[in-house]
Participant: 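Pasting a structure here, questions to come.
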Number of protein chains: 2
Amino acid sequence: MQAFTDIQSKSLSAQIYSQLRYQLMAARMQPGVRLKIRELAQSLGTSETPVREALLQLVRDGALEMKPGYYIRVRRLTLNEYLETREIRLMLEPHAAVKALPHVDKAFIEQLEKVHETLIRAEADKDYPAALLANYEFHFLIYRRSGMPQLIEILERLWIQIGPLLNYLYPFGHPSYDGPHQHLHILEALRKRDAEALAEAFRADLIEGGRAFVRYLESIEPEATQ
Amino acid sequence: MQAFTDIQSKSLSAQIYSQLRYQLMAARMQPGVRLKIRELAQSLGTSETPVREALLQLVRDGALEMKPGYYIRVRRLTLNEYLETREIRLMLEPHAAVKALPHVDKAFIEQLEKVHETLIRAEADKDYPAALLANYEFHFLIYRRSGMPQLIEILERLWIQIGPLLNYLYPFGHPSYDGPHQHLHILEALRKRDAEALAEAFRADLIEGGRAFVRYLESIEPEATQ
DNA sequence: CATTGATACATGATATATCAAAAAGGGAGC
DNA sequence: GCTCCCTTTTTGATATATCATGTATCAATG
């Protein structure tokens, strides 16, 4: 959870931003839910200023949206918006993984295997929040080894846009594995140090995971006009 | 300039943000220059709040940097940071162009040709600010046709990081064309509707343009430790 | 003359106050 | 019972006040 734990010695607004970002990524916030500056400030025990600053940044990140002058709510991605996100991720995530490859050692792969086991166990237990976190950790442990901080930042921004959708997703259809879990292909490619297979495994994971999104969004789209 | 002209009916902080972003992109701000909230607020005739909000967002964009609690200044990219930026752009910009291809018509190409002429003329006149703007316009006119707003947002964020560097660049070595201008290859690929050639032309333009950056940053690097 | 420490000052961070606009609620009229 | 209009309330936006911390200055001391 690296990215989210450094919540100290930072400005209040940065702390709040990190915290909200974490909640978004972890699907703790439903799309469309309204956020009120005053309420949040009160519940956090701070003034409105840092809360507002945090929210504004999330708006710019595309994780929240703001009706012109008025209210702020968790963004509701349309199917097309989701597809664009996926298209961008398809370019960037495999690349990040390939860049990480030279910095992958045995210990790291074992660490990933543990995280993956956690993921599988969580899914078996239907503990979806835990599964989401494990999935995030699996991916970003790898990306962080790329040594490309800017790229990682871009990817995290994309993930927090998608996070809230996961709320709807799990009840709906969620990870439907028709074969072995894609993460296993990823692990295998890492072991073999096969860059092309690695990139392909990431693409497959993304598309595989995306199917449920697309199905869900298609089923919702008609009413999502607002 | 589309992205920068909608400076009305937006919140003050959004206006200030847009304005600063424009100045960054257009190389109106030197790397390392310090920005003071109070000063800016005064010179803009507003209070500090919206200025601070705008600056914070630019910090998150990586265009400005902030010594922990202390001062805010225009970010100074290291060579490695620049190279990472370029690496990301190399993935995204050619793709954006290819996605734009289906929406390119004759009129649009003529528009691009005009912009390119402006660029060439500006360079001949050594009017570098104008050249920069024309170059920005040339690229983003194309990217905007991709119909991928998120991608464009990501790219603009990358461009405003690089903008300030251009200050140093032009005096230094700047666009050294060893052959025909890369934009001509881009235009040709657009006319032929040749996606692969188009992608390649964008890659070439990026690398070509990047050479001067790299040369400059390498010459500077030793002292840039701070 | 160099060094150190105390004080004044500048600046970003946070809190609070004020404003304007939008939403929500309620009552009068049909 | 429904609709329209007015009032009240809520809320985000902006301005201002306060706080904490880093920086600079300068004098006292060795």
Side-chain angles (χ1 to χ4, degrees), chain A residues 4 6-21 23-24 29-76 164 225-226, chain B residues 4 6-21 23-24 29-76 164 225-226:
Chain A
F4 299 116
D6 51 6
I7 297 187
Q8 51 213 30
S9 85
K10 289 199 302 187
S11 76
L12 253 185
S13 59
Q15 288 177 44
I16 296 172
Y17 175 75
S18 298
Q19 197 174 328
L20 292 175
R21 210 160 121 142
Q23 292 186 14
L24 285 162
M29 305 184 108
Q30 299 263 336
V33 162
R34 183 171 177 184
L35 298 177
K36 297 181 188 178
I37 295 176
R38 280 178 175 79
E39 264 180 23
L40 260 173
Q42 189 164 18
S43 78
L44 293 171
T46 73
S47 80
E48 299 160 26
T49 310
V51 171
R52 182 179 150 77
E53 285 170 0
L55 293 183
L56 280 182
Q57 305 209 356
L58 290 167
V59 167
R60 189 154 303 279
D61 287 344
L64 305 180
E65 56 188 3
M66 185 177 272
K67 290 285 140 193
Y70 220 29
Y71 62 76
I72 302 168
R73 62 180 190 185
V74 178
R75 183 161 167 218
R76 202 188 279 280
T225 317
Q226 200 241 45
Chain B
F4 299 115
D6 51 8
I7 298 185
Q8 51 214 29
S9 84
K10 288 199 302 186
S11 76
L12 252 183
S13 59
Q15 288 178 43
I16 295 172
Y17 175 76
S18 298
Q19 197 175 327
L20 291 175
R21 207 161 125 143
Q23 292 185 13
L24 285 162
M29 306 184 107
Q30 298 261 337
V33 161
R34 182 171 179 186
L35 299 178
K36 298 182 188 178
I37 295 176
R38 281 176 175 78
E39 261 180 24
L40 259 173
Q42 189 163 19
S43 78
L44 293 171
T46 73
S47 81
E48 298 160 24
T49 309
V51 171
R52 182 178 150 78
E53 285 170 358
L55 292 184
L56 280 182
Q57 304 210 356
L58 290 167
V59 168
R60 188 153 303 279
D61 287 344
L64 305 181
E65 58 189 1
M66 184 176 276
K67 291 285 140 194
Y70 218 34
Y71 63 76
I72 302 168
R73 63 179 190 187
V74 178
R75 182 161 167 220
R76 203 187 278 279
T225 316
Q226 199 240 48

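These values consider heavy atoms only, across backbone and side chains, with no hydrogens, waters or symmetry-generated copies. Order of the sequence lines fixes the chain letters, A, B, ..., with proteins taken first and strands second; residue numbering starts at 1 for each chain.
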Participant: Compare every heavy atom of A/P31 with every heavy atom of A/P164, then report the nearest pair and how far apart it is.
Facilitator: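 Here A/P164 and A/P31 meet closest at O-CD, 3.3 Å.
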
Participant: Checking the side chain of B/Q57 only, and the main-chain atoms of A/R60 only, is there a donor and an acceptor separated by less than 3.5 Å?
Facilitator: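 A pair under 3.5 Å: no.
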
Participant: So, OP1 or OP2 of D/dT14: does either fall under 4.0 Å of a side-chain N or O from B/S47?
Facilitator: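 For D/dT14, OP1/OP2 do not have a side-chain N/O of B/S47 under 4.0 Å.
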
Participant: Could you state the CD1-C1' distance from B/I16 to D/dA15, rounded to the nearest angstrom?
Facilitator: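 It works out to 12 Å between those atoms.
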
Participant: Rounded to whole angstroms, how far apart are CG on A/L12 and P on D/dC19?
Facilitator: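 It works out to 16 Å between those atoms.
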
Participant: Nearest 0.5 Å, please: how far is CG in A/L64 from CG in A/L56?
Facilitator: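 Rounded to the nearest 0.5 Å, the CG-CG separation comes out at 9.5 Å.
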
Participant: Under the side chain to side chain contact (heavy atoms under 4.5 Å, CB included) test, which residues partner A/R38, sequence neighbours left out?
Facilitator: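 Applying side chain to side chain contact (heavy atoms under 4.5 Å, CB included) to A/R38 gives A/E48.
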
Participant: Can you tell me the distance, in whole Å, between the CD atom of A/E65 and the P atom of D/dG12?
Facilitator: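 Interatomic distance, CD of A/E65 to P of D/dG12: 14 Å.
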
Participant: Could you tell me which residues satisfy side chain to side chain contact (heavy atoms under 4.5 Å, CB included) with B/T49, sequence neighbours excluded, listed by chain and number?
Facilitator: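 Here the qualifying residues are B/S47, B/E53.
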
Participant: Could you work out, with side chain to side chain contact (heavy atoms under 4.5 Å, CB included) as the rule, every residue matching A/E65, not counting sequence neighbours?
Facilitator: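 Partners of A/E65 under the side chain to side chain contact (heavy atoms under 4.5 Å, CB included) test: A/R73, A/R75, A/R76.
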
Participant: Side chain of B/E48 only, heavy atoms from C-beta on: which candidate in C/dT11, D/dA17, C/dT16 is closest?
Facilitator: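 From the listed options, D/dA17 comes nearest.
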
Participant: Would you kindly give the NZ-to-C1' distance between B/K10 and C/dA20, to the nearest whole Å?
Facilitator: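 Taking atom C1' of C/dA20 as the reference, NZ of B/K10 is at 20 Å.
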
Participant: Of all the choices, D/dT16, D/dT14, C/dA15, which nucleotide is nearest to the side chain of B/S11 once you look at every atom?
Facilitator: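 From the listed options, D/dT14 comes nearest.
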
Participant: Mind checking what makes side chain to side chain contact (heavy atoms under 4.5 Å, CB included) contact with B/Q30, not counting sequence neighbours?
Facilitator: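 For B/Q30 the side chain to side chain contact (heavy atoms under 4.5 Å, CB included) partners, ignoring immediate neighbours, are B/V33, B/N167, B/Y168.
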
Participant: Using heavy atoms and a sub-4.0 Å distance, could you list which residues of residues 35-43 of chain B are near DNA chain C? By number, please.
Facilitator: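 Result for residues 35-43 of chain B: B/L35, B/K36, B/I37, B/R38, sorted by number.
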
Participant: Please report the distance, rounded to the nearest Å, between CG in A/L58 and C1' in D/dG12.
Facilitator: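 Interatomic distance, CG of A/L58 to C1' of D/dG12: 16 Å.
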
Participant: Measure from CE on B/M66 to P on D/dG22 and round the result to the nearest Å.
Facilitator: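 One finds 14 Å between P of D/dG22 and CE of B/M66, rounded.
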
Participant: Can you measure A/E53 atom CD to D/dT14 atom P for me and round it to whole angstrom units?
Facilitator: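 Distance check: A/E53 CD to D/dT14 P gives 13 Å.
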
Participant: Please report, rounded to the nearest Å, how far the P atom of C/dT14 is from the CG atom of A/L44.
Facilitator: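 So the two atoms are 13 Å apart, to the nearest Å.
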
